[in-house]
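Throughout, a chain's letter reflects where its sequence line sits, starting with A, and its residues are numbered from 1. This structure is a prediction, so every number in the text was calculated from the model and none was measured.
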2 protein chains.
Amino acid sequence: MGGFVLNLNKREFPTREALRQFAKQIPAINVSAVELLLQFLQTSFEIQHYIFDILEKKYKLSEGKLMVMIILYQSSNGIAPSKLAEKACVTRATISAMLHRMIRDGLACSFSNSTDGRAKVVALTEKGRVFMDEILPEHFLRTARLMNNLTEEEQIQLVQLLKKIKGN
Amino acid sequence: MGGFVLNLNKREFPTREALRQFAKQIPAINVSAVELLLQFLQTSFEIQHYIFDILEKKYKLSEGKLMVMIILYQSSNGIAPSKLAEKACVTRATISAMLHRMIRDGLACSFSNSTDGRAKVVALTEKGRVFMDEILPEHFLRTARLMNNLTEEEQIQLVQLLKKIKGN
DNA sequence: ATAATATAATTAGTTGGCTAACTATTAGTA
DNA sequence: TACTAATAGTTAGCCAACTAATTATATTAT
């Protein structure tokens, strides 16, 4: 427990000097608030790289594809591509291309809806479900471990701060 | 002040039920820790969309391109593409293609290094600098405003929590 | 001095994101 | 009923990211 360190992928920030210059032009630019937000996005960037570089190397699985496959995994009766796009927050064009590759690779299958000639229903294949059952436990374990450096209390604090940032 | 709400782009999460099932298999999977991390990444996702959808629509400027242009902006004597790649945390191949488009669009220029025949030096053009001077103030203002929902004290708390997540 | 190795940048090919334009089908309305 | 609207999905074309392979130049070692 503890001792976990994310120490890769340090992207160059705007310098504090540069930010101060802009703040002179527009006093409402709060330099430390900008730096905090950049730090927040940088932390997210490092976490995403930590998690998804592993999945990419081991299973050729990207963040977007995992999102889509989790939604499919949870849609036991299949789902329309348009619904899938909506739930994954990507365009239908993106889903269309991704499904094409997933069907090519035997991870998903699609059926045409009998009551509506325009519509389709897609679902994971057996191979797709087996794949998810194989990768998800270790994925969620890695995910949980990333929060191990925080105490219970700090985790509650963070939940509250995230809610406030979103404005509710 | 206050009242700012990020309310778009709600991606579907793994259900708590599903997470509990995996936690039965691997007890070290702490369900609330996983949910916290997903919430953290989701908040980051919403912030990035809020900021970069605006820049994309107004100026055809993506997150990656902004990162690179900020580094160029801060490299007043120019910089080698390989250094640029390192500082932006992307591959040299990515930088190579991006520079090609930026030069095509008149935002950057490149010179060959006289002392090393392999090397290049790239820099923003006058047009590129003017562009950055135009967009950065409002960009940093938007950035700062995203933290407006937090008090000074909460901002300090968040800095501490981010440091702890990273493990130092 | 030459051969082997390392480095800088580019290119080819894949994925995942986008917008815009298109086809097909359904639903709504005059 | 026939015309118009809306909806579902696909396609074309672009950008940004990746890996792997290639070219050209420097550096190192034998």
Return the value, rounded to whole Å, for the distance between atom CZ of B:Phe52 and atom P of C:dT19. 16 Å
For the pair A:Glu138 and A:Lys58, find out whether any cationic side-chain nitrogen is under 4.0 Å from an anionic carboxylate oxygen. yes
Specify the glycosidic conformation (syn or anti) of D:dA5, with syn defined as within 90° of 0. syn
Does A:Leu99 or B:Asp116 map to a spot on DNA chain D nearer the 5' end, using the closest nucleotide for each? A:Leu99
Please report, rounded to the nearest Å, how far the P atom of C:dT14 is from the NE2 atom of A:His100. 13 Å
Nearest-Å distance for atom pair CG/P, residues A:Asn113 and C:dT25: 13 Å
Are the side chains of B:Ser62 and B:Phe52 in touch, meaning some heavy atoms are under 4.5 Å apart? no
Just to verify, what does B:Gln155 make a side-chain hydrogen bond (donor to acceptor under 3.5 Å, both in side chains) with, not counting sequence neighbours? none
Heavy-atom protein contacts under 4.0 Å, nucleotides 14-23 of chain D, coded B base, S sugar-phosphate only, - none: -SSBBB----
Rounding to 0.5 Å, atoms CD1 (B:Ile79) and NZ (B:Lys87) come to a distance of 4.5 Å
Scan side-chain atoms only and decide if A:Gln25 and A:Gln21 contain a donor-acceptor pair under the 3.5 Å cut-off. no
Distance in angstrom units between B:Lys58 NZ and C:dC18 P, rounded: 21 Å
Angle between the two end axes of the helix from C:dA1-D:dT30 to C:dT25-D:dA6, five base pairs per end, rounded to 10 degrees? 20°
For A:Leu84 and D:dA8, give me the distance from atom CG to atom C1', rounded to whole Å. 13 Å
Measure from CG on A:Leu107 to P on C:dG16 and round the result to the nearest Å. 11 Å
Do B:Val121 and B:Asn77 have side chains that approach each other closer than 4.5 Å (heavy atoms only, starting at C-beta)? no
Of B:Ala97 and A:Arg118, the one whose closest nucleotide on DNA chain C sits nearer the 5' end is B:Ala97
Take atom CD1 of B:Ile103 and atom P of C:dA9, then tell me their distance rounded to the nearest Å. 12 Å
Any side-chain donor near an acceptor of the partner, B:Asn30 and B:Ser32, under 3.5 Å: yes
Please determine whether a side-chain nitrogen or oxygen atom of A:Lys120 lies at a distance below 4.0 Å from atom OP1 or OP2 of D:dT10. yes
Taking the side chain as every heavy atom from C-beta outward, state whether B:Phe45 and A:Ser44 have any pair of such atoms under 4.5 Å apart. no
Tell me yes or no: between the side chains of B:Glu35 and B:Gln39, is some donor less than 3.5 Å from an acceptor? no
Can you measure B:Asp53 atom CG to C:dG17 atom P for me and round it to whole angstrom units? 14 Å
